[in-house]
Asker: 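Structure in structure tokens, see below.
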Amino acid sequence: MTTRSCARALVHCWCWPCCPASAGGEHRLSVVTPLLLERLHLVGAPGSPLSRMKTATLKDLVEMPLILPGRDQHVHLRGLIENAFAEAGRPLIPAFEANSLGLLSSLASAGLGCIVLTVGSVAEEVAAGRLIAVPIAAGGLSVELAMVTTVEQARLRPVQLMQRLVANEVCHLASTGQWPGSPHVFPGASAAGARS
């Protein structure tokens, strides 16, 4: 396995977007390096009403039966969706809740509702035609992909090398159009990859 394919596997398989776009910055005991800002998508079965949409509005989001991660899982993503419903003045009553990406995707591909995720989270299912993904036009429904370490870990050379490898790969994938969904690359992400 090459270094590039190892980094790609790390980025695509082990990174779940979890930080709200508004979080940014550093926690007192953590070093947070924002890499990408990704727009959330409404994801469902090919035969669902999504197949007739180019983009989904907040109104579309609140009218769809949703399959969401549980309240104790993926808290930031769930919080973004809850805030969108609160802005619309509608109660959030999910059709189903599941705590794994595989189960969320399976329920959506079975036509039991829609999920709200980045398109990269379901890129294989979308490419295979098992799911379709429509970007949500509502402002603020984006997630930030960031690297987070403790202050102590950030000083270690192996951690710095891994951060540089991951940041370089993320920036490369996004800038060459290989990262699904055309995310916004934060200006500091390139610099994070260049640090030694």
Side-chain angles (χ1 to χ4, degrees), residues 5 7-21 23 35-146 170 173-174 177-184:
S5 62
R8 187 171 284 136
L10 174 72
V11 168
H12 283 294
C13 296
W14 297 335
C15 292
W16 176 273
C18 62
C19 298
L35 299 175
L36 300 176
L37 185 66
E38 295 187 87
R39 180 191 262 187
L40 289 173
H41 287 64
L42 197 52
V43 180
S48 72
L50 294 180
S51 61
R52 296 183 297 277
M53 298 179 192
K54 291 203 185 291
T55 60
T57 65
L58 183 57
K59 183 177 185 263
D60 296 324
L61 179 66
V62 299
E63 292 180 355
M64 291 283 179
L66 294 180
I67 305 164
L68 298 178
R71 288 183 189 271
D72 58 336
Q73 298 288 318
H74 312 294
V75 175
H76 298 296
L77 179 61
R78 176 79 180 233
L80 286 172
I81 299 165
E82 288 174 350
N83 288 342
F85 272 73
E87 284 179 28
R90 301 280 296 271
L92 175 59
I93 304 168
F96 295 95
E97 292 185 10
N99 288 332
S100 78
L101 180 58
L103 186 53
L104 289 167
S105 298
S106 293
L107 292 168
S109 65
L112 298 174
C114 294
I115 51 180
V116 178
L117 292 171
T118 62
V119 72
S121 300
V122 290
E124 287 182 24
E125 291 89 344
V126 170
R130 292 187 299 270
L131 291 172
I132 56 172
V134 177
I136 300 172
L141 285 177
S142 298
V143 291
E144 181 180 296
L145 176 67
V170 167
L173 291 171
Q178 297 177 64
W179 191 284
S182 304
H184 167 74

Asker: Would Ile132 and Val126 count as a side-chain contact (heavy atoms from CB on, under 4.5 Å) here? Give the steps.
Answerer: CA-CA 5 Å; Ile132 56 172; Val126 170; 6.0 Å; no

Asker: More than 12 heavy atoms of other residues, nucleotides or ligands under 6.0 Å from CD of Glu82: is that the case?
Answerer: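 Yes, CD of Glu82 has more than 12 neighbouring heavy atoms, counting only those of other groups under 6.0 Å.
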
Asker: Work out which heavy atom in Ile67 is nearest to a heavy atom in Ala108; give both atom names and the distance.
Answerer: CD1-N, 3.6 Å

Asker: Are Glu63 and Arg90 side-chain neighbours, meaning at least one heavy-atom pair lies under 4.5 Å?
Answerer: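 Side chain of Glu63 against side chain of Arg90, heavy atoms only: contact under 4.5 Å found.
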
Asker: If you apply the rule side-chain contact (heavy atoms from CB on, under 4.5 Å), what do you find for Leu68 with Leu77, and how did you get there?
Answerer: CA-CA 9 Å; Leu68 298 178; Leu77 179 61; over 6 Å; no

Asker: What's the separation between atom CD in Glu38 and atom NE2 in His184, rounded to the nearest 0.5 Å?
Answerer: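 Those atoms lie 12.0 Å apart.
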
Asker: A side-chain contact here means heavy atoms from C-beta on lying under 4.5 Å apart; do Ile115 and Leu107 qualify?
Answerer: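 No, too far: nothing below the 4.5 Å cut-off.
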
Asker: Could you pull out all residues at least two apart from Glu97 that satisfy salt bridge (charged side-chain N to carboxylate O under 4.0 Å, His left out)?
Answerer: Arg78

Asker: Could you check if a side-chain atom of Leu117 sits within less than 4.5 angstrom of a side-chain atom of Leu101, using non-hydrogen atoms only?
Answerer: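 With C-beta onward as the side chain, the pair touches.
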
Asker: Quick one: CG on Leu104 to CG on Leu112, what's the gap to the nearest 0.5 Å?
Answerer: 12.0 Å

Asker: Considering non-hydrogen atoms only, spot the tightest contact between Val62 and Ala88 and give its length.
Answerer: CG1-CB, 3.9 Å

Asker: So which heavy atom on Pro46 is nearest to which on Gly129, and how close?
Answerer: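 In terms of heavy atoms, the two residues are closest at CG-O, 3.1 Å.
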
Asker: Determine yes or no for a side-chain-to-main-chain donor-acceptor pair under 3.5 angstrom, with Ser106 supplying the side chain and Gly102 the backbone.
Answerer: yes

Asker: Heavy-atom distance under 4.5 Å between the side chains of Ile136 and Asp60, does that happen here?
Answerer: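 SC-SC contact between Ile136 and Asp60 ruled out.
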
Asker: Evaluate the side-chain proximity of Val43 to Glu125: yes if any heavy-atom separation is below 4.5 Å, no if none is.
Answerer: no

Asker: So Thr118 and Leu145, do their side chains get closer than 4.5 Å, heavy atoms only?
Answerer: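 The answer is no, as the side chains (C-beta and beyond) never meet within the 4.5 Å cut-off.
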
Asker: Tell me, do Pro49 and Met64 make a side-chain contact under 4.5 Å, heavy atoms counted?
Answerer: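 They are in contact (side-chain heavy atoms under 4.5 Å apart), so the answer is yes.
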
Asker: Listed by chain and number, what are the side-chain contact (heavy atoms from CB on, under 4.5 Å) partners of Thr55, not counting sequence neighbours?
Answerer: Pro135, Ala137

Asker: I'd like to know whether Leu61 forms a side-chain contact (heavy atoms from CB on, under 4.5 Å) with Leu141, so could you lay out the CA-CA distance, the side-chain angles of the two residues, the decisive distance to 0.1 Å, and finally the verdict.
Answerer: CA-CA 11 Å; Leu61 179 66; Leu141 285 177; 4.0 Å; yes

Asker: For residues Ser142 and Leu37, report the shortest heavy-atom separation together with the two atoms involved.
Answerer: CB-CD1, 3.8 Å

Asker: Taking side-chain contact (heavy atoms from CB on, under 4.5 Å) as the test, write out the residues that go with Ala45, two or more places apart.
Answerer: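 Residues passing side-chain contact (heavy atoms from CB on, under 4.5 Å) with Ala45: none at all.
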
